[in-house]
Amino acid sequence: MSVILDVQNLSVAYRGALSPAVNRVSFQLGQERLGIVGESGSGKSTVGRALLRLLDSADITADRMQFQDVDLLAASERQMLGIRGKRMSMILQDPKFSLNPIRKVGDQVAEAWLAHNRASHKEARARTLEMLTSVSIRDPERVYDMYPHQVSGGMGQRIMIAMMLLTDPQLVIADEPTSALDVTVRMQVLSILDRLVRDRGIGLIVISHDLNLVRNFCDRVLIMYAGRVVESLAACDLDRAQHPYTQGLLAAQPRIGGPRRPLPVLQRRPEWAEEPS
Amino acid sequence: MNPIHVRDLSITLGAVQILHGISFDVRAGECFGLVGESGSGKSTILRCLSLLMSSWQGEVLIGGENLRAMPLARRCKTVQMVFQDPYGSLHPRQSVRTTLSEPLRIHSMPDREARITRTMIDVGLPLAFLDRFPHQLSGGQRQRVAIARALILEPEILLLDEPTSALDVSVQAEILNLLSDLQARRGFTYIMVSHDLAVVDHMCDRFAVMQKGHLVETLTRGALTGIPEEQARHPYARELIDASIAYDRAM
Ligand SMILES: Nc1ncnc2c1ncn2[C@@H]1O[C@H](COP(=O)(O)OP(=O)(O)O)[C@@H](O)[C@H]1O
Ligand SMILES: Nc1ncnc2c1ncn2[C@@H]1O[C@H](COP(=O)(O)OP(=O)(O)O)[C@@H](O)[C@H]1O
Ligand SMILES: [Mg+2]
Ligand SMILES: [Mg+2]
């Protein structure tokens with residue numbers, strides 16, 4: 001498996017904060033789906049933003065942060081502009097914030113395509129309809145002419161996926177991509193993302209607070225607590241997690257058909273934030 | 001303790017009918033769930049029952065008594081609501097003590113200090129927290145305060161609108177345990193909105209499935225756990241349950 005991303009001892013400290021938001025995190029990513037899971041504030045989104053170097057108010061240090069041929073630590077902001085949204089893309093929780101509210105969604109996708117390709121508007125429209133079809137939108141002509149407020153959450157997320165794929169990224173970071181979606185739609189969006197990532201050999205990082213999501217959808221999972229990776233597991237081994245934090249999260253989750261006894265409550269231990277990885 | 005009887009509840013806002021003839025019954029002391037896709041009208045039902053919205057048609061009886069005809073003071077001591085967002089629902093410049101004493105003052109309740117103390121103990125918060133402000137509390141602590149505020153008038157019915165959706169799973173566990181414990185000790189009746197059928201299965205014996213302003217089916221917990229004669233018949237209810245079970249189970 002070729003390594004797309006190699007991160008060694010990444011730390012991120014927001015200026016003025018008492019402790020680092022991300023503390024010596026290491027992982028490698030190939031053409032696979034890596035989940036980063038943990039509670040709110042554990043540093044998941046900060047890892048994603050550090051990879052894209054989208055952190056103006058924080059100090060990023062690492063022994064290594066290599067994305068294919070690019071040293072992300074040494075890359076200039078100018079180089080990053082050529083990478084962000086092109087070779088490396090991000091999908092966020094709420095697509096509505098990423099779309100211009102007063103322009104038709106189809107025109108926005110077409111414009112994004114034209115930014116990377118010399119072609120006529122007619123061709124851009126045709127390509128856009130193709131892209132919308134590829135994310136399983138059944139009536140692309142109708143969706144092309146909609147405004148962002150007219151599309152449902154699931155449709156909006158499909159449009160974002162279509163947009164992101166225009167530039168043939170090698171790495172996609174999806175930060176809570178389906179947290180705002182109904183469960184019936186969530187599965188559809190995940191399977192679209194899954195198919196495209198597999199077909200194109202993209203490396204995918206899925207950031208989520210949802211254990212079920214990473215368990216069902218990812219190949220490998222990093223569990224974060226207080227800025228640190230406390231455990232790294234194959235997703236299918238999640239039930240055999242060794243770390244008491246991972247075990248505690250799994251136990252706290254109610255399950256359909258589960259027993260009606262009180263849910264085990266997580267007893268946090270200070271050493272989880274300290275012990276070496 | 002009194003059952004809740006909802007018949008033909010409808011509401012139109014602007015030109016749009018949001019609820020279409022909703023009917024269901026909740027037994028005294030039961031936790032009744034409301035599930036369904038976002039925008040299907042779940043929160044609106046709770047807003048109607050708490051009279052945050054009042055332009056609805058239909059009939060709501062609590063223990064045989066018409067909800068609309070109840071004097072305000074008694075209604076507040078009968079039905080209280082807890083909202084999803086523990087950040088938005090507490091006043092940022094009110095201490096916990098003020099949050100809890102306001103309803104007591106408005107309703108001229110006696111023994112205020114004793115009631116506040118008892119409620120803090122009920123929701124598992126240290127008394128020292130009375131002098132804190134919302135920004136000094138974690139998400140789970142804020143939701144405990146929101147529950148305390150709903151409990152302070154000692155209502156019999158709590159309307160819970162996604163009370164744990166904004167919380168981490170470990171904090172959700174604490175709040176669900178608290179709600180179960182309060183129900184067991186004090187016999188509350190709950191109507192609980194949730195988008196998570198695992199939460200509904202953990203808390204509720206029966207639940208209604210909403211879609212586009214219609215109540216499409218009322219089911220028992222057995223519809224989730226595979227009891228043959230309890231299975232959902234409505235296509236959307238089946239789709240929702242199947243998707244939730246698929247999502248809940250490891251591959
Ligand atoms: N822009 C920021 N400035 C200062 N601190 C921040 C900023 N963004 C996040 N943090 C802090 O960094 C920690 C990790 O946050 P985040 O990466 O957003 O966690 P997660 O995505 O796991 O919820 C938290 O303690 C959070 O309060
Ligand atoms: N104050 C309001 N005015 C107009 N429409 C509203 C209002 N509140 C909610 N709605 C609409 O009513 C429908 C049901 O909303 P809601 O009850 O919040 O759904 P749910 O809680 O199931 O997600 C939605 O289409 C929503 O846009
Ligand atoms: Mg985050
Ligand atoms: Mg709602």
Side-chain angles (χ1 to χ4, degrees), chain A residues 37-42 44 152-154 178-191 194 208-219 225 234-240 244-268, chain B residues 31 35-40 87 124 138-140 164-181 184 194-205 209-211 221-227 235-251:
Chain A
V37 73
E39 293 177 290
S40 55
S42 57
K44 309 180 295 295
S152 66
T178 56
S179 301
L181 304 181
D182 289 318
V183 62
T184 47
V185 184
R186 210 180 284 168
M187 303 280 278
Q188 295 160 10
V189 169
L190 286 174
S191 70
D194 186 40
S208 179
H209 68 285
D210 183 344
L211 290 157
N212 281 329
L213 188 156
V214 297
R215 176 211 299 266
N216 287 320
F217 181 70
C218 293
D219 303 302
Y225 180 80
C236 57
D237 289 335
L238 205 56
D239 279 329
R240 287 185 285 277
Y245 174 65
T246 317
Q247 293 171 343
L249 282 187
L250 287 163
Q253 172 121 329
R255 310 212 75 105
I256 293 175
R260 271 284 174 91
R261 57 179 155 74
L263 295 160
V265 169
L266 189 66
Q267 306 294 333
R268 289 162 208 278
Chain B
C31 180
V35 304
E37 58 195 12
S38 54
S40 61
Y87 295 85
S138 70
T164 61
S165 301
L167 305 176
D168 280 313
V169 46
S170 62
V171 183
Q172 166 173 279
E174 293 174 22
I175 298 295
L176 294 180
N177 288 346
L178 169 66
L179 290 170
S180 300
D181 180 53
S194 178
H195 68 272
D196 184 344
L197 289 193
V199 169
V200 170
D201 181 43
H202 187 74
M203 297 293 293
C204 307
D205 294 319
V209 181
M210 295 287 300
Q211 185 190 33
R221 196 186 168 211
L224 300 173
T225 53
I227 296 176
Y236 173 69
R238 295 185 77 113
E239 185 192 347
L240 176 68
I241 290 170
D242 290 347
S244 298
I245 291 173
Y247 195 76
D248 193 64
R249 302 241 161 97
M251 290 193 296

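Every chain is numbered from 1, with letters handed out A, B, ... down the list of sequences.
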Max heavy-atom pair count under 4.5 Å with chain B, selected residue of A/Ala180, A/Gly257, A/Gly248, A/Gly41: A/Gly257
Partner of B/Asp248 under side-chain contact (heavy atoms from CB on, under 4.5 Å), chosen from A/Val183, A/Ile256, A/Asn216: A/Ile256
What part of B/Glu239 gets within 4.5 angstrom of chain A, counting heavy atoms only: side chain, backbone, both, or neither? both
A/Glu39 and B/Ser170: CA distance, side-chain angles, deciding distance, side-chain hydrogen bond (donor to acceptor under 3.5 Å, both in side chains) verdict: CA-CA 8 Å; A/Glu39 293 177 290; B/Ser170 62; 2.4 Å; yes
Starting at CZ of A/Arg260, measure out to CZ of B/Arg221 and round the result to the nearest 0.5 Å. 4.0 Å
Proximity breakdown for B/Leu176 and chain A, heavy-atom pairs closer than 4.5 Å: side chain
Just so I understand: if I count every heavy-atom pair under 4.5 Å between each of B/Leu167, B/Asp205, B/Asp242, B/Asp196 and chain A, which residue has the most? B/Asp205
Value rounded to 0.5 Å, distance of OH in B/Tyr236 from OG1 in A/Thr184: 5.0 Å
Shorter than 4.5 Å, heavy atoms on both sides: which option in A/Arg261, A/His209, A/Arg186 has the most such pairs with chain B? A/Arg186
Smallest heavy-atom separation, A/Gly258 atom then B/Asp201 atom, equals N-OD2, 3.8 Å
Return the option, out of B/Leu224, B/Thr225, B/Asn177, B/Leu240, with the maximum number of heavy-atom pairs under 4.5 Å with chain A. B/Asn177
Given a strict heavy-atom distance threshold of 4.5 Å, which part of B/Ser180 is in contact with chain A: side chain, backbone, both, or neither? neither
Between B/Ala173 and A/Pro264, what is the shortest heavy-atom contact and its length? CB-O, 4.2 Å
Minimal non-hydrogen separation, B/Tyr247 against A/Leu213, with atom names: OH-CB, 3.2 Å
